[in-house]
Amino acid sequence: MEEKQPKKVLTEQERLELAAKLDKDLDAFISSLEKKRYTEGWPEDRWEEEMAKHPFFMQKSPEPGEELSPLMEGLQQLKYDPQENTEQELADTYKEDGKFYMQHRKFRMAVLSYTEALRYKIGDASYKAILLNNRSAANYMLKNYRTSLQDAQKALELNPDYDKARWRAAQCASALDRFELCVELCDTILQRDPTNSAAIDLRKSCLARKAAQNRDSRKEARLEREKQQQWERLVAELQKRSVKFEERNALEDERKLKPRLAPLEDFMVSCDENGVLSWPAVFCYPEFQTTDFQQQLAETTKMYEVLEELFAEPLECDKAGLYRASKVNVYYENRILGFAYLVDKNKTIREIVAERSFVVFQGTLTFYLLVKGSKQEESFVTQTRIPLKINY
């Protein structure tokens with residue numbers, strides 16, 4: 001055996017010299033290293049933002065399309081990778097995602113998650129029924145009642161004993177006013193659970209709304225019949241009087257009889273049960289360029305009576321107080337012939353409208369009021385060519 005050499009004992013001076021040499025070598029080594037800034041950590045000005053992206057510290061799930069950190073991207077790939085997971089595991093993953101979104105009221109994301117889960121081939125019909133019912137619940141919260149009902153009914157086809165799906169279907173049917181389907185579903189629920197108060201209340205509500213809807217439908221049908229009868233009676237009376245209209249085939253289209261002037265547009269000529277017509281009428285004052293309106297002027301009224309009512313209070317613009325029933329002349333214009341005709345104020349509205357020269361325009365009677373012998377009347381007569389024969 002080789003004999004060990006005794007260790008050399010260094011003197012104090014030698015130890016100091018050795019330590020100085022080692023320090024010098026270390027300094028030289030450090031100085032020889034490439035000097036570069038460390039960039040692998042989080043920047044000082046954005047460390048909170050970067051920390052929030054880390055899977056261990058993030059407080060909310062990433063939004064669709066949001067840029068992911070490499071670590072988060074890797075975890076997601078691992079979570080949703082079909083190479084690393086079975087179809088059942090992937091369906092479970094998306095199912096859990098849907099549950100998470102439902103809890104946070106992100107119903108559209110929940111619909112997408114359950115839809116993804118349903119893409120995978122799962123042999124268990126009950127499991128698929130749960131996914132369909134969950135998606136139905138998400139669509140229900142989005143008020144997509146028709147789609148929600150379809151999913152709930154598909155879930156029932158897969159699992160006829162699925163009470164949650166049946167209740168969801170009943171709620172959708174009620175929201176869609178499909179009362180018969182809703183009552184049928186509620187009856188099935190009550191057969192299985194006669195004390196289900198929610199189903200009892202929903203069934204009762206549906207029957208009441210169905211009765212109200214039927215009542216409203218009957219009322220609407222009756223009103224429509226009455227409206228049609230009123231129209232037919234009106235047309236018959238207008239034809240009986242041989243009323244002439246500027247618009248062609250005015251009695252074939254109700255819209256042609258509707259007044260165009262805003263104050264009169266809701267007051268089309270009408271006929272009461274006794275066959276008396278009421279007309280919308282406009283009275284024009286050429287001198288002041290203003291108008292008065294009569295929304296329902298009965299044809300039995302004489303023109304003189306109309307004037308007395310119009311001038312019961314003085315016109316604001318008539319400073320001279322000249323507009324009185326006895327001091328004005330009334331004209332109507334035949335737009336087709338281009339003539340104006342003087343009205344006999346002792347005639348009724350029916351008699352005036354029956355004159356051969358009177359033509360109704362846009363379902364409205366139009367008259368012009370001017371002070372007798374005034375310059376305004378003279379100007380009006382000159383411009384509208386009063387015919388030699390005046391209707392009295």
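As the structure is a computational prediction, the values presented were derived from the model and not from experiment.
- Using modelled atom types and a 3.5 Å distance limit, the side chains of E232 and Q228 yield a donor-acceptor pair.
- R233 and E273 make their closest contact through NE-CA, 4.3 Å (heavy atoms, listed as atom of the first residue, atom of the second, distance).
- The only option from R209, K210, R203 that meets the salt bridge (Lys or Arg N to Asp or Glu O under 4.0 Å) definition with E180 turns out to be K210.
- Between K375 and E287 no salt bridge is recorded (no basic side-chain N to carboxylate O distance below 4.0 Å).
- Residue E226 qualifies as enclosed at atom CD: its count of foreign heavy atoms under 6.0 Å is above 12.
- Closest approach of L370 and Y331 over heavy atoms only: CD1-CD1, 3.8 Å.
- One hydrophobic cluster holds both Y114 and L142 under the rule that ILVMFWY side chains link at heavy-atom gaps under 4.5 Å.
- How far NZ of K258 is from CE of M268: 5.5 Å, rounded to the nearest 0.5 Å.
- Here the side chain of Q296 pairs no donor or acceptor atom with the backbone of F267 at under 3.5 angstrom.
- Between the E87 side chain and the K121 main chain, a donor and an acceptor come within less than 3.5 Å of each other.
- The aromatic rings of F367 and F283 sit parallel, their planes meeting at an angle under 30°, below the 60° perpendicular limit.
- Among residues two or more places apart in sequence or in another chain, the side-chain hydrogen bond (donor to acceptor under 3.5 Å, both in side chains) test is passed with Q362 by none.
- Of all the heavy atoms in C172 and S148, the pair that sits closest is SG-OG, 3.1 Å.
- Note that the OG atom of S113 and the CG atom of L118 stand 11.0 Å from one another [nearest 0.5 Å].
- Between Y323 and Y285, the ring planes are perpendicular. Angles over 60° get that label, and only those under 30° would be called parallel.
- Panel note: side chain K347, backbone V353; no donor-acceptor pair is recorded below 3.5 Å.
- The pair R166-D163 counts as a salt bridge, with a side-chain nitrogen and a carboxylate oxygen less than 4.0 angstrom apart.
- Looking only at side-chain heavy atoms (C-beta outward), N159 and N133 stay at 4.5 Å or farther from each other.
- One hydrophobic cluster holds both L297 and V330 under the rule that ILVMFWY side chains link at heavy-atom gaps under 4.5 Å.
- Summarising the geometry, atom CG belonging to L369 is positioned 5.5 Å from atom CG belonging to L307; distances are rounded to the nearest 0.5 Å.
- Applying the 6.0 Å contact sphere to CD of E220 captures no more than 12 heavy atoms from other residues, nucleotides or ligands.
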message = side chain to side chain contact (heavy atoms under 4.5 Å, CB included) for F107 and N144? Distances and angles first, verdict last.
response = CA-CA 11 Å; F107 303 119; N144 297 332; over 6 Å; no
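- Smallest separation of non-hydrogen atoms from L132 and D151: O-CB, 3.5 Å.
- In this structure a side-chain-to-backbone donor-acceptor pair under 3.5 Å is present from K345 to A325.
- Sorted by first and then second residue, the side-chain hydrogen bond (donor to acceptor under 3.5 Å, both in side chains) pairs involving residues 299-317 (not counting sequence neighbours) are R241-E299.
- Residue L223 holds its CG atom at 10.5 Å from CG of D216, rounded to the nearest 0.5 Å.
- Between the side chains of D92 and Y127, at least one donor-acceptor pair of N or O atoms lies under 3.5 Å.
- At distances below 3.5 Å, at least one donor-acceptor pair connects side-chain atoms of T382 with backbone N or O atoms of E378.
- Among the candidates V276, V235, L234, the single residue satisfying the side chain to side chain contact (heavy atoms under 4.5 Å, CB included) test with C271 is L234.
- When every heavy atom of C206 is checked against every heavy atom of V183, the shortest pair comes out as CB-CG2, 4.1 Å.
- Here the shortest heavy-atom pairing between V371 and S374 reads O-OG, 2.8 Å.
- The environment of K164 atom NZ is sparse: at most 12 non-hydrogen atoms of other residues, nucleotides or ligands sit within 6.0 angstrom.
- Side-chain atoms of N334 come within 3.5 Å of backbone atoms of S357 as a donor-acceptor pair (strictly under, hydrogens ignored).
- Note that OG1 of T364 and CD of E265 are 10.5 Å apart. Values are rounded to the nearest 0.5 Å.
- One hydrophobic cluster, built from ILVMFWY side chains closer than 4.5 Å, cannot hold both V359 and V243; they sit in different ones.
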Side chain to side chain contact (heavy atoms under 4.5 Å, CB included) assessment of I352 paired with M303 = CA-CA 9 Å; I352 297 169; M303 179 58 73; 3.9 Å; yes
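- Sparse packing is recorded around NZ of K319, with 12 or fewer heavy atoms of other residues, nucleotides or ligands lying under 6.0 Å away.
- Residues W279 and L310 are members of one and the same hydrophobic cluster, defined by side-chain heavy-atom contacts under 4.5 angstrom among Ile, Leu, Val, Met, Phe, Trp and Tyr.
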message = Run the side-chain hydrogen bond (donor to acceptor under 3.5 Å, both in side chains) test on D193 and T195 for me, step by step, so that the C-alpha distance in whole Å, both residues' side-chain angles and the decisive distance to 0.1 Å come before the verdict.
response = CA-CA 6 Å; D193 180 11; T195 61; 2.9 Å; yes
key: side chain to side chain contact (heavy atoms under 4.5 Å, CB included) evaluation trace for E96 with F100   = CA-CA 6 Å; E96 287 302 313; F100 172 83; over 6 Å; no
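- Taking OG1 of T188 as the start and CH2 of W167 as the end, the distance is 13.0 Å to the nearest 0.5 Å.
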task = Carefully, step by step, assess F311 and L315 under the rule side chain to side chain contact (heavy atoms under 4.5 Å, CB included).
result = CA-CA 7 Å; F311 304 138; L315 299 176; 4.1 Å; yes
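- Checking Y341, Y368, F361 one by one against Y332, the ring pair (Phe, Tyr, Trp, His ring centres under 6.0 Å) holds for a single residue, Y341.
- Taken together through direct or relayed side-chain contacts under 4.5 Å among Ile, Leu, Val, Met, Phe, Trp and Tyr, F293 and V360 form parts of separate hydrophobic clusters.
- By the 4.0 Å N-to-carboxylate-O rule, R119 lies close enough to E116 to be salt-bridged with it.
- A 6.0 Å sphere centred on CZ of R146 holds no more than 12 heavy atoms belonging to other residues, nucleotides or ligands.
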